[in-house]
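Some notes on the structure that comes next.
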Amino acid sequence: MNSLNLEKILKMSDRAAAFIELISLYFDGGDEMRQYIVSNWDFGVSWELPNQARLTCKNNERWSCQQRIEASLAYSAIAVNYIADVREELIALAVIYQSCIFASLEPDNIFKKVAKVSVPSISAMLINFIDRKEEDKSLAAFFLSAEKNNEGEIEIRPAWDVKR
């Protein structure tokens, strides 16, 4: 387990960069490190997660769409002990799934990559989600809206959160 990297990540002042680094450590750190991260989440520090509405956007973003999408999906695995409402988690999965499509990424590959390093309950949830019929993963199925922002990029939001 590479606890030295984790200590550095926890002390980083840039909390968005710290979260992306934590996700890298989660993917690359091995089973023991993943278990440690899940067991100790949130380590008593604040984290800045990617903006879920902007996962398909490239302008004014520090990381690629794929990095932010994978980080958002991995958050489900890391924060598994804090999932209070499965319905909210399903909406988040739908946003991430649709973001993959709008970003021209293959959602099945990304969901399977994260499922591979997740606890069994999250792994099953991710696989079950991608195994749904297409219409059961659609924007409409989750009352999501994909709209162009001022920069001409697509943002995905729940219908009740659409800026008018």
Side-chain angles (χ1 to χ4, degrees), residues 5 8-28 37 41-43 45-80 82-118 122 125-164:
N5 282 350
K8 287 180 183 178
I9 291 168
L10 294 175
K11 293 177 183 176
M12 290 173 68
S13 60
D14 181 339
R15 301 314 299 156
F19 184 71
I20 296 296
E21 289 297 321
L22 182 72
I23 295 302
S24 293
L25 185 60
Y26 182 79
F27 278 121
D28 301 335
I37 290 170
W41 177 256
D42 62 2
F43 297 96
V45 298
S46 64
W47 300 94
E48 186 177 329
L49 281 58
N51 181 336
Q52 300 302 289
R54 293 186 48 85
L55 293 175
T56 66
C57 299
K58 296 176 183 170
N59 292 332
N60 300 313
E61 294 294 341
R62 294 164 53 193
W63 294 278
S64 71
C65 295
Q66 183 166 346
Q67 285 175 298
R68 290 179 287 120
I69 286 170
E70 288 179 357
S72 296
L73 197 56
Y75 173 74
S76 297
I78 290 172
V80 62
Y82 293 89
I83 295 175
D85 189 340
V86 175
R87 295 170 295 183
E88 288 179 7
E89 193 63 24
L90 285 174
I91 292 170
L93 294 181
V95 168
I96 294 167
Y97 183 88
Q98 291 298 320
S99 294
C100 288
I101 292 170
F102 280 101
S104 300
L105 299 171
E106 179 52 50
D108 287 11
N109 292 342
I110 291 175
F111 273 63
K112 287 176 183 174
K113 176 182 178 179
V114 175
K116 222 164 134 177
V117 295
S118 299
I122 295 297
M125 183 172 65
L126 298 176
I127 297 303
N128 289 340
F129 190 87
I130 61 173
D131 285 345
R132 290 170 171 235
K133 296 177 190 169
E134 282 305 313
E135 62 266 19
D136 294 338
K137 300 181 274 192
S138 69
L139 292 168
F142 289 91
F143 300 100
L144 299 173
S145 175
E147 296 190 8
K148 285 190 178 181
N149 62 21
N150 293 338
E151 299 163 330
E153 295 184 305
I154 298 292
E155 291 187 6
I156 300 175
R157 298 177 180 278
W160 57 88
D161 188 34
V162 174
K163 295 178 181 176
R164 302 249 182 240

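The chain is numbered in sequence order, starting from 1.
With sequence neighbours excluded, the residues that form a ring pair (Phe, Tyr, Trp, His ring centres under 6.0 Å) with W47 are W41.
Atom CZ of F143 and atom OG of S138 lie 10.0 Å apart (nearest 0.5 Å). Between atom CE of residue M12 and atom CD1 of residue I20 there is a gap of 10.0 Å, rounded to the nearest 0.5 Å. The distance from atom OG of S118 to atom CE of M125, rounded to the nearest 0.5 Å, is 8.5 Å. Note: L105 CG to C65 SG = 6.5 Å, rounded to the nearest 0.5 Å. To the nearest 0.5 angstrom, N51 atom CG is 6.5 Å from R157 atom CZ.
Two residues are said to be in side-chain contact when any heavy atoms from C-beta on lie closer than 4.5 Å; V114 and I122 fail this criterion. The shortest side-chain heavy-atom distance between L139 and F102 falls under the 4.5 Å cut-off. Contact annotation: the side chain of E147 never approaches that of I154 to less than 4.5 Å [non-hydrogen atoms, C-beta and beyond]. Annotation: side chain of L49 is not in contact with side chain of S72 (no heavy-atom distance under 4.5 Å). A heavy-atom distance below 4.5 Å is found between the side chains of I37 and L22.
Residue pairs satisfying the side chain to side chain donor-acceptor pair (under 3.5 Å) criterion with at least one member in residues 55-65, sequence neighbours excluded, are listed as follows: D14-R62, R54-E61, N60-E151, S64-Q67. Each salt bridge (Lys or Arg N to Asp or Glu O under 4.0 Å) pair with one or both residues in residues 87-104, not counting sequence neighbours, appears once here: D85-R87. For residues 105-117, the pairs satisfying side chain to side chain donor-acceptor pair (under 3.5 Å) are E70-K113, with sequence neighbours left out. Applying the side chain to side chain donor-acceptor pair (under 3.5 Å) rule to pairs touching residues 17-27 yields nothing, sequence neighbours excluded. Applying the salt bridge (Lys or Arg N to Asp or Glu O under 4.0 Å) test to pairs two or more places apart or on separate chains, those with a residue in residues 128-144 are E134-K137.
Taking every heavy atom of both residues into account, S99 and L55 meet most closely at OG-CB, 3.6 Å. In this structure, D42 and Y82 approach most closely via the heavy-atom pair N-OH, 4.4 Å. Between A146 and I156 the shortest heavy-atom distance is CB-CG1, 4.3 Å.
In terms of modelled atom types and a separation under 3.5 Å, the side chain of R15 and the main chain of V45 share no donor-acceptor contact. In this structure, Q98 contributes its side chain and I96 its backbone to no donor-acceptor pair below 3.5 Å.
More than 12 non-hydrogen atoms from other residues, nucleotides or ligands lie less than 6.0 angstrom from CZ of F43.
F111 pairs in a side chain to side chain contact (heavy atoms under 4.5 Å, CB included) with only one of the listed residues (N128, L73, I69, I127), which is L73.
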